[in-house]
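One structure, pasted below without further comment.
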Amino acid sequence: MRKNWWKGVAVLLLTYVVFWGLLGPTPRQPILNESIRNVYFHVPLWFGMVILLLTAAIFSGRYLRSGNPEHDRVAVEFTNTALVFGLLGCLTGSIWANFTWGEPWPNDPKLNSVAVGMLLYLAYVILRGSFDDEQRRARISSVYNIFAFAVFIPLIFIVPRLTDSLHPGNGGNPAFGQYDMDNQMRMVFYPAVIGFTLLGVWITEIRVRTRRIEAYLEE
């Protein structure tokens, strides 16, 4: 039980976030109105995704140094969980965009960069399935995983800032935290980031355990 305390923290944080995120007071902003509540879900999912992808890249690097298949197994599952978070982030973002911008996926540099980044990681999943030799698959996909993260971060955080964008915090458009997010919202937003990240780690842990059992049964 002592080792699993953080799972209880994740449950408590996410329960708190869902309750106050849906029912708590929020600033009244033009156009956004009640849709500003999505900042408690859409943005933390992306924060969690980036943290999970960073962890995956670190374990890929550890595999290249050690050759330990466990490190590759962990890297794969962190990436898989991050992709689920990314897809949920795209879904919540599209719903938000439909309410505020009039269409779910406008031709926006930020959104297009995100689409390219997601395809970059989907290619990682396809790449792993194209090799039968486990060591070769692990080695090549580890190199690709590190490369993908090195490209993904500037693609979604730097490139959109170099041009006009509807998305907050890009192309001269102010971020939410500067004008819209008050201290009351921060009391929900930061726990949401921690809670969703812990949830991602929890999901990954379960998937890694499952893969260990499958590897054991195949031996």
Answer yes or no: are there more than 12 heavy-atom neighbours, outside Phe131 itself, under 6.0 Å from its atom CZ?
yes
Remaining members of hydrophobic cluster (4.5 Å side-chain criterion), Ile126
none
List for me each residue that meets ring pair (Phe, Tyr, Trp, His ring centres under 6.0 Å) alongside Tyr124, sequence neighbours excluded, and say none if there are none.
none
Out of curiosity, does Ile203 fall in the hydrophobic cluster containing Val50 (side-chain heavy atoms, cut-off under 4.5 Å, transitive links)?
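Yes, Val50 connects to Ile203 through the hydrophobic network.
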Tracing side-chain links under 4.5 Å among I, L, V, M, F, W and Y, which residues wind up in one group with Ile146?
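So far as hydrophobic clustering goes, Ile146 is joined with Tyr63, Leu64, Val143.
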For Leu155 and Gly117 the tightest heavy-atom approach is CD2-N, 3.6 Å
Should Cys90 and Trp105 be marked as a side chain to side chain contact (heavy atoms under 4.5 Å, CB included) after you check the CA-CA gap, both sets of side-chain angles, and the distance that decides it?
CA-CA 9 Å; Cys90 287; Trp105 199 282; 4.3 Å; yes
Looking at residues at least two apart in the chain, or sitting in another chain, which of them share a side-chain contact (heavy atoms from CB on, under 4.5 Å) with Val193?
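Expected list: Pro44, Phe47, Phe189, Thr197.
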Which atom pair, heavy atoms only, marks the closest approach of Leu83 to Val125?
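Reported closest heavy-atom pair: CD1-CG2, 3.6 Å.
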Got a sec, which residues hit ring pair (Phe, Tyr, Trp, His ring centres under 6.0 Å) with Phe152, two or more places apart in sequence or on another chain?
Tyr121
Mind listing the closest non-hydrogen atom pair of Gly89 and His42 along with its distance?
O-ND1, 2.9 Å
Apply salt bridge (Lys or Arg N to Asp or Glu O under 4.0 Å) to Glu205 and list each qualifying residue two or more places apart in sequence or on a separate chain.
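Counting only residues at least two positions away or on another chain, Glu205 forms a salt bridge (Lys or Arg N to Asp or Glu O under 4.0 Å) with Lys7, Arg209.
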Atom pairs and distances, donor-acceptor, side-chain atoms in residues 12-25, under 3.5 Å, two or more places apart:
from: Thr15; atom 1: OG1; to: Val11; atom 2: O; distance (Å): 2.7
from: Tyr16; atom 1: OH; to: Met187; atom 2: O; distance (Å): 3.0

My understanding is that only residues two or more places apart in sequence, or in another chain, count here; which of them pass side-chain hydrogen bond (donor to acceptor under 3.5 Å, both in side chains) with Thr204?
Thr81
Salt bridge (Lys or Arg N to Asp or Glu O under 4.0 Å): which pairs involve residues 74-86, sequence neighbours left out?
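Listed by first then second residue: Glu77-Arg207, Glu77-Arg211.
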Residue pair Phe85 / Gly48: nearest heavy atoms and the distance that separates them:
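In terms of heavy atoms, the two residues are closest at CD2-C, 4.2 Å.
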By side-chain contact (heavy atoms from CB on, under 4.5 Å) - contacts of Asn98 (at least two apart)
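In terms of side-chain contact (heavy atoms from CB on, under 4.5 Å), with neighbours along the sequence ignored, Asn98 is linked to Pro104.
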So, do Phe157 and Ser113 sit near enough that their side-chain heavy atoms are less than 4.5 Å apart?
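They are not in side-chain contact.
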Whether Trp202 and Trp6 hold their rings parallel, tilted or perpendicular, with breakpoints at 30° and 60°:
perpendicular
By the salt bridge (Lys or Arg N to Asp or Glu O under 4.0 Å) test, which pairs, at least two apart or in different chains, include something from residues 130-152?
none
With sequence neighbours excluded, give me every salt bridge (Lys or Arg N to Asp or Glu O under 4.0 Å) pair touching residues 63-76.
Glu70-Arg73, Glu70-Arg212, Asp72-Arg128
